[in-house]
Peer 1: 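Starting off with a structure, shown below.
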Protein chains: 2
Amino acid sequence: MDLKRSDLLQGTLDLLILKTIEHRPLHGYAMAQRILETSREVLAVQQGSLYPALHRLERKGFIQAEWREAESKRMAKFYSLTPSGRTQLAEEMDQWQRYARAIQWVLQAEGAAS
Amino acid sequence: MDLKRSDLLQGTLDLLILKTIEHRPLHGYAMAQRILETSREVLAVQQGSLYPALHRLERKGFIQAEWREAESKRMAKFYSLTPSGRTQLAEEMDQWQRYARAIQWVLQAEGAAS
DNA sequence: ACTGATATGTAGAAGAACAAGGTATGGACC
DNA sequence: GGTCCATACCTTGTTCTTCTACATATCAGT
C-alpha cells in the first residue's frame, strides 16, 4: 500500500515533451503514446500531468500550438518547438545527463574506509 | 530568472540517503557531505530537505537513529539501515535504473518516420 | 570574546504530478 | 438510428517533495 505512486521522475516531464516534438509537431494525445512507445512501456504520462505541462510550456514560450486535422480526421492541437524551446531542450538534456551521472556515481561509490 | 531551482531530481533523495548509509551508520550532516563528495560536487542536499527526509524514513521504519559521539567530539544522531530499509534500498535502486534507462531510450529515439 | 565549522531542527511556500472527473467527435457495428 | 469505443481536450482538488529562510547549540581556534 505504500507503493510508489509516481509514474515519472519529477522534473523530467518537460524534457520528455520537448524531446518528443523535436523533429515534428505532435498533439498531446500522440505525445503520450509516443513516450510510452519509445520508453518501452515504462513511462506512462497521465493526461492530468500532460495538459497542464503543455500549457505551462506554452506560457513560457517553449512551444506553440496550432489547430490542425489529425490522422483520425479530428481536429487536434499540434505543438511545435519555438527557437527558445530548442535552447531549453538542449539545456534540459545537459541537466539530465549531469544529474543521472552524478547519481550513478553515488550509487557506485565504495563503501568507504573504516 | 526562470532557472531551475531544484538541486535534486525529485524522488531521488531517499535513494541517495539509503545508499549512503548502506555500509556504515552516519549522521545527517556527514551524509550531505558524503553525497556532495561522491557526486563530485553535483548533488548538494539542503538541510531543509535532509532532516525532514530523515524523519520521514525513520517514521517509515527504513532507518533508525542512535545518539553517539562523532569524530568532532560532539554528539550526533547516527542513522543506520533497518532490514526493511535494506529491502527498500534494493527496490529504489531497481526503480532508478528502470526510469533512467527508459528516459535514455526516449532521448535516443529516432526522429520518427515521415 | 568572537568566529567558523559542525550539527540538528522547524515553518512556510512553491511546484509538480496524480486521481478522478467532465466534454465532445468520428468510425464501426448492429 | 442507436450504441460503443478510441480519440482528443480539459479542470479541480489533493498529496508529496523540496526549497528558502530561519533558529539553536557546541566545539576549536584566535
Side-chain angles (χ1 to χ4, degrees), chain A residues 1-18 25-36 43-60 62-63 65-79 92 95 99 103, chain B residues 1-18 25-37 43-60 62-63 65-79 92 95-96 99 103:
Chain A
M1 351 262 74
D2 244 335
L3 294 180
K4 262 279 164 41
R5 65 201 66 251
S6 164
D7 289 342
L8 247 42
L9 230 36
Q10 212 152 324
T12 57
L13 179 55
D14 290 2
L15 169 60
L16 294 172
I17 290 175
L18 294 175
L26 279 183
H27 53 86
Y29 195 83
M31 290 181 211
Q33 290 182 81
R34 180 102 185 114
I35 290 173
L36 190 61
L43 305 174
V45 179
Q46 308 302 314
Q47 300 190 332
S49 310
L50 178 64
Y51 292 108
L54 289 174
H55 301 154
R56 200 164 61 227
L57 290 170
E58 193 179 16
R59 205 171 50 244
K60 290 184 185 171
F62 297 145
I63 60 178
E66 188 196 354
W67 283 97
R68 275 204 259 154
E69 192 171 86
E71 285 183 30
S72 66
K73 301 296 175 194
R74 297 189 46 187
M75 280 299 164
K77 222 169 168 179
F78 282 76
Y79 288 93
E92 294 211 10
Q95 272 296 313
Y99 283 138
I103 289 173
Chain B
M1 16 241 76
D2 245 337
L3 294 180
K4 262 277 167 41
R5 66 200 68 248
S6 163
D7 289 342
L8 250 41
L9 232 33
Q10 213 149 325
T12 57
L13 180 56
D14 291 2
L15 169 60
L16 294 172
I17 289 175
L18 295 176
L26 280 184
H27 53 86
Y29 195 82
M31 290 181 210
Q33 288 181 83
R34 180 102 184 115
I35 291 172
L36 190 60
E37 264 174 50
L43 304 174
V45 179
Q46 306 303 312
Q47 303 188 332
S49 310
L50 177 64
Y51 293 108
L54 289 174
H55 302 154
R56 199 163 63 229
L57 290 170
E58 192 179 16
R59 205 171 50 244
K60 289 184 185 170
F62 298 145
I63 60 179
E66 187 196 356
W67 282 96
R68 275 204 258 153
E69 192 171 87
E71 285 183 31
S72 66
K73 302 296 174 189
R74 298 188 45 185
M75 281 298 164
K77 222 171 171 179
F78 282 76
Y79 289 93
E92 294 210 11
Q95 272 296 315
W96 163 256
Y99 282 139
I103 289 172

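If you're wondering where the values come from, they're calculated on a predicted model, not measured in any experiment.
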Peer 1: Of all residues at least two apart in sequence or in a different chain, which pass the ring-ring contact (aromatic ring centres under 6.0 Å, His included) check with A/Phe62?
Peer 2: none

Peer 1: If the condition is side-chain contact (heavy atoms from CB on, under 4.5 Å), which residues does B/Ala76 pass it with, not counting sequence neighbours?
Peer 2: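 Expected list: B/His27, B/Ala70, B/Phe78.
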
Peer 1: Heavy-atom nearest nucleotide on DNA chain C for A/Val45 versus B/Gln33: which residue maps closer to 5'?
Peer 2: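 So the residue in question is B/Gln33.
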
Peer 1: Once side-chain contact (heavy atoms from CB on, under 4.5 Å) is applied, do any residues pair with B/Glu69, and if so which ones, sequence neighbours excluded?
Peer 2: B/Lys73, B/Met75

Peer 1: Across the strands shown, which category fits A/Ala53 at heavy-atom distances under 4.0 angstrom: base, sugar-phosphate, nothing?
Peer 2: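 Touches nothing.
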
Peer 1: Measure from the side chain of B/His27, starting at C-beta and using heavy atoms only, and say which of D/dT18, D/dT20, C/dT8 lies closest.
Peer 2: C/dT8

Peer 1: Considering residues at least two apart in sequence or located in another chain, which fulfil the ring-ring contact (aromatic ring centres under 6.0 Å, His included) criterion with A/Tyr51?
Peer 2: none

Peer 1: Name all residues meeting the side-chain hydrogen bond (donor to acceptor under 3.5 Å, both in side chains) criterion together with B/Gln46; count only those two or more places apart in sequence or in a different chain, and write none if there are none.
Peer 2: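 In terms of side-chain hydrogen bond (donor to acceptor under 3.5 Å, both in side chains), with neighbours along the sequence ignored, B/Gln46 is linked to B/Asp7.
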
Peer 1: Under 4.0 Å, counting only non-hydrogen atoms across every strand here, what does A/Ala70 touch: a base, just sugar-phosphate, or nothing?
Peer 2: sugar-phosphate

Peer 1: Can you list the residues that meet the side-chain hydrogen bond (donor to acceptor under 3.5 Å, both in side chains) rule with A/Arg68, with sequence neighbours excluded?
Peer 2: none

Peer 1: Identify all pairs in which a protein N or O lies below 3.5 Å from an N or O of nucleotides 10-14 of chain D, and state each distance.
Peer 2:
residue	atom	partner	partner atom	Å
D/dC10	OP1	A/Lys77	NZ	2.7
D/dC10	OP2	A/His55	NE2	3.3
D/dC10	N4	A/Gln47	OE1	3.4

Peer 1: If you restrict it to nitrogen or oxygen atoms, what contacts under 3.5 Å exist between nucleotides 25-27 of chain D and the protein, and what is each distance?
Peer 2:
residue	atom	partner	partner atom	Å
D/dT26	O2	B/Arg74	NH1	2.8

Peer 1: Any side-chain N or O of B/Arg56 less than 4.0 Å from the OP1 or OP2 oxygen of D/dT18?
Peer 2: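 Answer yes for this pair, as a side-chain N or O of B/Arg56 is under 4.0 Å from OP1 or OP2.
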
Peer 1: With B/Gln33, which residues qualify under side-chain contact (heavy atoms from CB on, under 4.5 Å), at least two apart?
Peer 2: B/Tyr29

